[in-house]
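Comments concern the structure below.
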Amino acid sequence: MSETVTVAVTGAAGNVCQSLLFRLAAGEPFGPDASIRLQLIEKSESMKALEGLAMELEDCALPLLESVSLHDDPVSGFKDVDFAILTGAKPRTPSMDRMQQLQENPSIFVEQGRALGKVAKETVKTLVVGNPANTNALIAWANARYLPHHQFSALMRLDHNRALGFLARKIGINPLRIKRLTIWGNHASTLFPDASHLRIDGQPIRMALDMNWYRDIMIDQVQQRGAAVISCKGKTSSSSAAQAIIDHLRDWRFGTEEGDFVSMGVLSQGEYGVTPGLFFSYPVTCRKGRAEVVEGLDLDDFCRRMVRVTEEELVRERKAIENLLPMSPELLLARAHSEVA
Ligand code: LMR
């Protein structure tokens, strides 16, 4: 084994982790040459359930799983970690929207950001999953002193994969053949799945795609997919979220496929005219452990309008949580600019 990857997961006894932990422990995102140390974090009242899950992990006798430790506070749980996956947050119920989650969840991310800044490795990569994920990523990074913004991202891959799935089923092809999809903006019902740069087997897709179906049906279905799952299952997506986390981490670590890009929520610096200082989903490529926004794509008027709507929602979210940021958005941006590349 050439290296050990230490991974902290918050909300470790929650819905998404029921499948995520086993896939992390099997080494899916980090490959066969890395052994895994899991540091699982939960609220005190969920520790018993977490113990049961840890027993199950042990009972799989997974060759890459070096150790599992359980923590009821982020300061011990994030100690020396290479990756932190923040799934812990109160899930929404069928009647809730994202703005309502803003009242409950973001304060947890202040504490977690502070703990990451104090005890995690200085190279730690943090993936925020708990909703509202984009704004929680902003809060976590802002409160994590000394950790650069490019080591934080918000999960958009669930929406990306959902959109790929819809397109592949509609066209009747394997999703692997579809490249250059983008989800823009917020992981919320304003997100914009952009099909204008798609390629199938390297060729532009627009002619093959029924644009009426795309505009009138697919966009809305992707935007509402999380809610649709909740209304059928009575709880939020779990295995598809785990798959998205694995895909996100694998690409972040090993790089995106040549000629393709994926969607990640990263700190906006004004790309495509978006307000700087939001964790905004962009088309990105990953190289050497770092996500870079793909610039220079042409956006027509329709795309620009859709991007504006989701951007405005994120600006409203940031306004609503400004009291959880240790400095003004302007100073945070100055901090981002001064961070060592
Ligand atoms: C999803 O998109 O399925 C999750 O973020 C859960 C939710 O609240 O929609």
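Note that ligands are numbered from 1 as they come in the structure, with each ligand's atoms numbered from 1 the same way. Nothing here was measured: the structure is a model prediction, and the numbers come from that model.
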Could you list the donor-acceptor pairs under 3.5 angstrom formed by side chains in residues 105-117, with sequence neighbours left out?
{"residue": "Asn105", "atom": "OD1", "partner": "Lys90", "partner atom": "N", "Å": "2.8"}
{"residue": "Asn105", "atom": "ND2", "partner": "Lys90", "partner atom": "O", "Å": "3.0"}
{"residue": "Asn105", "atom": "ND2", "partner": "Asn131", "partner atom": "O", "Å": "2.9"}

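Ligand 1 has no N or O atom lying under 3.5 Å from any N or O atom of Gln101, backbone or side chain.
At least one donor-acceptor pair closer than 3.5 Å links the side chain of Asp260 to the backbone N or O of Arg180. No donor-acceptor distance shorter than 3.5 angstrom exists from the side chain of Tyr282 to the backbone of Gly185, with no hydrogens or angles considered.
Of all the heavy atoms in Ala8 and Phe78, the pair that sits closest is CB-CD2, 3.6 Å.
If you look at Phe83 and Phe30, their ring centroids are closer than 6.0 Å.
Of all the heavy atoms of Leu158, the ones lying under 4.0 Å from any atom of ligand 1 belong exclusively to the side chain. Under 4.0 angstrom from ligand 1, there are no non-hydrogen atoms of Asp159.
By the 30° and 60° cut-offs, the orientation of the rings of Tyr214 relative to Phe192 is tilted.
In terms of protein heavy-atom proximity, atom 5 (O) of ligand 1 is closest to His187 NE2, 2.6 Å. What sits closest to atom 6 (C) of ligand 1 on the protein, heavy atoms only, is Thr236 CG2, 3.6 Å.
Taking every non-hydrogen atom of Asn131 and a distance limit under 4.0 Å, the qualifying atoms of ligand 1 come out as 4 (C), 5 (O), 6 (C), 7 (C), 8 (O). Heavy-atom contacts of Arg92 reach the following atoms of ligand 1: 7 (C), 8 (O), 9 (O) (cutoff under 4.0 Å). Taking a cut-off of under 4.0 Å to the non-hydrogen atoms of Ser237, the atoms of ligand 1 that pass are 3 (O).
Atom 1 (C) of ligand 1 has its nearest heavy-atom neighbour, among Arg225, Gln224, Gln223, Arg162, in Arg162.
Pairs of residues two or more places apart, or lying in two chains, never qualify as salt bridge (Lys or Arg N to Asp or Glu O under 4.0 Å) while including a residue from residues 269-284.
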